[in-house]
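Shown next, in structure tokens, is the structure this report addresses.
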Amino acid sequence: MQGSILSVLVILALVAQDRLAGGLEHKSYDYTKYHTMDEISAWMDQIEKESPDVVSSMMYGQTYEKRNIKLLKIGFNSTTPKKAVWMDCGIHAREWIAPAFCQHFVKEILGSYKTDSKVNTLFKNLDFYVTPVLNMDGYIYSWKDNTTRLWRKSRSPGPENCTCFGTDLNRNFYANWGMVGISRNCCSEIYNGPTVLSEPEAKAVTDFLGAHQNQMLCYLTIHSYGQLILVPYGHPNISAPNYDELMEVGLAAAKAIKAVHGKSYKVGTSPDVLYANSGSSRDFARLIGIPYSFTFELRDEGQHGFILPENQIQPTCQEAYQGAMSIINYIHDKNFKSAAITVTATLWTTLTALWISSTCVF
Ligand SMILES: *[C@@H]1O[C@H](CO)[C@@H](O)[C@H](O)[C@H]1NC(C)=O
Ligand SMILES: *[C@@H]1O[C@H](CO)[C@@H](O)[C@H](O)[C@H]1NC(C)=O
Ligand SMILES: *[C@@H]1O[C@H](CO)[C@@H](O)[C@H](O)[C@H]1NC(C)=O
Ligand SMILES: *[C@@H]1O[C@H](CO)[C@@H](O)[C@H](O)[C@H]1NC(C)=O
Ligand SMILES: [Zn+2]
């Protein structure tokens, strides 16, 4: 009798402990599958609940269909303002590997910051702002049935007398809007919208980046497919002031990607390696002064295209993670090594001054 009461208590205690630890759901989340928007939203809540010391979430806008656009902010708490890295996934609905990558990225950094001193240092000096799915309405629509699977755009209705829906969010930003690589036909896949920033999703990112402009070191936007790393700008006649450095950093990332599973990624401006375009989020980020801005076009090169099989999620994310980390570590080291040297120099000056003053006294 007493024994059975005891075992019931022990079981209750174990259940309660599991509830409190909250680690079960995230650990059992299947990162090798594509997930619905509901599952991704629940995953975000879970991630935040599991690591409240380093993760918080922020809502920074609403989609056309009034869904809350949320990001995860990840890094150590700080009393002083920190520099930051932005990552968004799922601007284009059908590119399902992109949201899968944002989730993989979050899982990896949260799984390693306690043991990997490099990631630990990133958490000290930087905040990561990660939006797993920006175009939530479109993403949900792409999950509806197999006739909507290849949906790309937002879900806002077209202008008067147009029967088509949706604007290409990556043509809607305030960056040479409407100039090249766009369509004014509202039925086109690359319709740039009735006006610049007509889409609330593009507006939300614009407002957030604008408000955090001085703090953002890096803007990463994840797409598929093509195996490319794109640098600003999409307009063929405009060049980024740090184009050479962007290319150097992009090529190093491609090398890091290749080292994982042997996949080749091309690096260049959109007109050089893909096609000219305007109104992209990448170009907007660079135009407002965020120095390092890149688009990743993940696997593959067209064999499966947007319908990348689930057995490629893991390898695609593993290699892209190394690519992203190559960029982030470069930017981090460039910004914070010099700070370390300054501290050391100041220390030496102080010590020398002390030594001189001590020799004078005695
Ligand atoms: C930061 O510190 C505050 C106060 O200690 C705490 O409430 C919060 O959960 C911490 N984490 C984040 C990510 O803000
Ligand atoms: C779409 O789904 C229907 C019903 O499940 C099926 O009959 C059809 O073959 C599918 N079409 C494509 C293009 O996969
Ligand atoms: C829409 O179509 C109606 C009927 O053809 C026409 O009167 C109206 O001017 C059109 N509106 C626009 C904005 O083209
Ligand atoms: C780029 O400049 C060339 C030469 O001036 C011009 O012919 C071309 O139209 C320009 N391209 C765009 C997209 O404006
Ligand atoms: Zn895309």
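Each ligand, and each atom within it, is numbered from 1 in the order the structure gives.
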Query - Test item: side-chain donor near acceptor, Asp88 and Tyr219, under 3.5 Å - result: yes

Query raised in the report: For Cys162 and Cys187, is the interatomic SG distance under 2.5 angstrom?
Result: no

Query raised in the report: Does the protein put any heavy atom within less than 4.0 Å of atom 9 (O) of ligand 3?
Result: no

Requested in this report: Could you label the plane-to-plane angle of the Phe208 and Trp86 rings as parallel, tilted or perpendicular, counting under 30° as parallel and over 60° as perpendicular?
Outcome: tilted

Query raised in the report: When you take the SG atom of each Cys, Cys186 and Cys164, is the space between them under 2.5 Å?
Result: no

**Report entry** Minimum-distance protein heavy atom relative to atom 3 (C) of ligand 3
**Finding:** Asn161 ND2, 3.5 Å

Report task. Please work out whether any backbone atom (N, CA, C, O) or any side-chain heavy atom from C-beta onward of Met179 is under 4.0 Å from ligand 4, and answer side chain, backbone, both or neither. Result -> neither

Requested in this report: Could you find the nearest protein heavy atom to atom 1 (C) of ligand 4 and give me its residue, atom name and distance?
Outcome: Asn237 ND2, 1.5 Å

Query raised in the report: Which of the numbered atoms in ligand 4 are below 4.0 angstrom from a heavy atom of His235?
Result: 12 (C), 13 (C), 14 (O)

Query raised in the report: Under the criterion side chain to side chain contact (heavy atoms under 4.5 Å, CB included), which of Asn170, Ile91, Thr131 is the partner of Thr221?
Result: Ile91

Query - N, O or S from Glu95 under 2.8 Å to the Zn ion (ligand 5) - result: yes

Report task. Report the angle formed at the Zn ion (ligand 5) by atom ND1 of His92 and atom ND1 of His223, rounding to the nearest 10°. Result -> 100°

Query raised in the report: Does a side-chain N-to-carboxylate-O contact under 4.0 Å join Asp137 and Lys66?
Result: no

Requested in this report: Just say parallel, tilted or perpendicular for the rings of His104 and Phe101, cut-offs at 30° and 60°.
Outcome: parallel

Query raised in the report: At a 4.0 Å threshold, what atoms of ligand 3 neighbour a non-hydrogen atom of Glu160?
Result: 11 (N), 13 (C)

Query raised in the report: Are there protein heavy-atom neighbours of atom 5 (O) of ligand 3 below 4.0 Å?
Result: no

